[in-house]
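Inspection log for the structure reproduced underneath, given as structure tokens.
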Amino acid sequence: NAGVMQNPRHLVRRRGQEARLRCSPMKGHSHVYWYRQLPEEGLKFMVYLQKENIIDESGMPKERFSAEFPKEGPSILRIQQVVRGDSAAYFCASSPLGTANNEKLFFGSGTQLSVL
Amino acid sequence: SQQGEEDPQALSIQEGENATMNCSYKTSINNLQWYRQNSGRGLVHLILIRSNEREKHSGRLRVTLDTSKKSSSLLITASRAADTASYFCATDDSGYSTLTFGKGTMLLVSP
């Protein structure tokens, strides 16, 4: 049973370009969470999705950021017109029934986004 | 907003010693979880303690929870160099649907 798969592992973009980060949750997991981590910082919640639905996007900037988890395929975190401040490690996590059911999260290895 | 706050920020010990990390939080919770992160990697779940539990053990790990003080501690006994990592507490806040993480404690275990 493969773990949470994130790609790419490293992504370099120039200011103004778009960044697309992909996350395939563990098999059987329908709950996906995206977090951002800056150096020497903890993880900041961005968005929580279930298949085809955004459950909670309270941690995601209103501008330039969007997320989806389609019926088929991976979850995508999209950042449009990237700026240097978007440089960070982005982690995806999944769980079978969601953390509201006292479940733990399974994390991917993250995507390190660098904006030049 | 930051819910859990770990203390200390960094801890350096020798192999064989015990390591204790603390976590404080602000609101009522359903459960509190501890995770470990090796440099450049994703987080790995260590242990979950529910709000109605006071202590839990898993191998060399011991977690306590004091809901009256809104605090938890993680004890790693007989530490090894391989325990070197950052350790984060995370709370499942009542009424919220996500885990909120602290800034972590960086543990360095020297051989």
Side-chain angles (χ1 to χ4, degrees), chain A residues 2-7 9-10 21 23-26 29-50 53-60 67 88-112 114, chain B residues 1-10 21 23-26 28-53 56 58 61 63 65 85-108:
Chain A
V4 178
M5 304 300 292
Q6 287 189 252
N7 67 82
R9 189 81 173 86
H10 299 276
L21 288 62
C23 169
S24 295
M26 285 184 71
H29 290 195
S30 60
H31 297 251
V32 166
Y33 304 77
W34 285 93
Y35 287 84
R36 176 164 64 178
Q37 185 177 37
L38 293 168
E40 312 299 324
E41 295 280 326
L43 272 69
K44 301 285 189 188
F45 166 75
M46 297 184 73
V47 61
Y48 164 36
L49 309 103
Q50 250 184 297
N53 292 306
I54 296 175
I55 307 301
D56 183 349
E57 56 182 348
S58 59
M60 202 152 68
Y90 291 83
F91 289 95
C92 169
S94 72
S95 75
L97 299 175
T99 58
N101 292 288
N102 285 316
E103 289 198 336
K104 63 185 181 183
L105 291 179
F106 295 81
F107 279 85
S109 294
T111 293
Q112 180 63 53
S114 299
Chain B
S1 62
Q2 209 74 35
Q3 167 71 313
E5 291 290 338
E6 291 89 345
D7 169 59
Q9 284 188 313
M21 288 158 270
C23 170
S24 59
Y25 58 92
K26 295 173 185 158
S28 59
I29 60 172
N30 291 321
N31 67 66
L32 186 144
Q33 305 183 29
W34 285 90
Y35 288 78
R36 164 196 168 126
Q37 183 181 36
N38 285 78
S39 181
R41 307 295 296 177
L43 277 70
V44 175
H45 180 265
L46 294 175
I47 197 164
L48 179 154
I49 186 164
R50 298 186 186 214
S51 58
N52 61 353
E53 297 176 310
K56 205 160 182 180
S58 176
L61 305 180
V63 169
L65 179 64
S86 291
Y87 292 82
F88 295 89
C89 70
T91 50
D92 176 18
D93 309 342
S94 300
Y96 287 85
S97 56
T98 66
L99 288 184
T100 305
F101 287 81
K103 291 188 177 182
T105 292
M106 193 178 302
L107 173 66
L108 174 62

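Note that these values count all heavy atoms, side chains included, but never hydrogens, waters or copies made by symmetry. A, B, ... follow the sequence lines: proteins, then strands. Residue 1 opens every chain.
Contacts of Q37(A) with chain B are made by side-chain atoms alone, with heavy-atom separations under 4.5 Å and no backbone atom involved. L43(B) touches chain A through backbone and side chain together, each having a heavy atom under 4.5 Å away. With a 4.5 Å cut-off on non-hydrogen atoms, Q9(B) does not touch chain A at all.
Side-chain atoms of Q33(B) come within 3.5 Å of backbone N or O of E103(A) as a donor-acceptor pair.
Minimum interatomic distance between N102(A) and D92(B) (heavy atoms only, all atoms of both residues): OD1-OD2, 4.3 Å. For Y35(A) against T98(B), the heavy-atom pair with the smallest separation is OH-CB, 4.4 Å.
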**Asked** Do R41(B) and F91(A) pass the side-chain contact (heavy atoms from CB on, under 4.5 Å) test, and can you show the C-alpha distance, the side-chain angles, and the key distance before you say yes or no?
**Response** CA-CA 9 Å; R41(B) 307 295 296 177; F91(A) 289 95; over 6 Å; no

**Item:** Candidate pair F45(A) and F101(B), rule side-chain contact (heavy atoms from CB on, under 4.5 Å), full reasoning
**Value:** CA-CA 8 Å; F45(A) 166 75; F101(B) 287 81; over 6 Å; no

**Message:** The test is side-chain contact (heavy atoms from CB on, under 4.5 Å); show your working for L105(A) and Y35(B) and say whether it passes.
**Reply:** CA-CA 9 Å; L105(A) 291 179; Y35(B) 288 78; 3.6 Å; yes

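In the displayed structure, M106(B) atom CE is contacted under 6.0 Å by at most 12 heavy atoms of other residues, nucleotides or ligands. When the shell of 6.0 Å around CZ of R50(B) is examined, it contains 12 or fewer heavy atoms from other residues, nucleotides or ligands.
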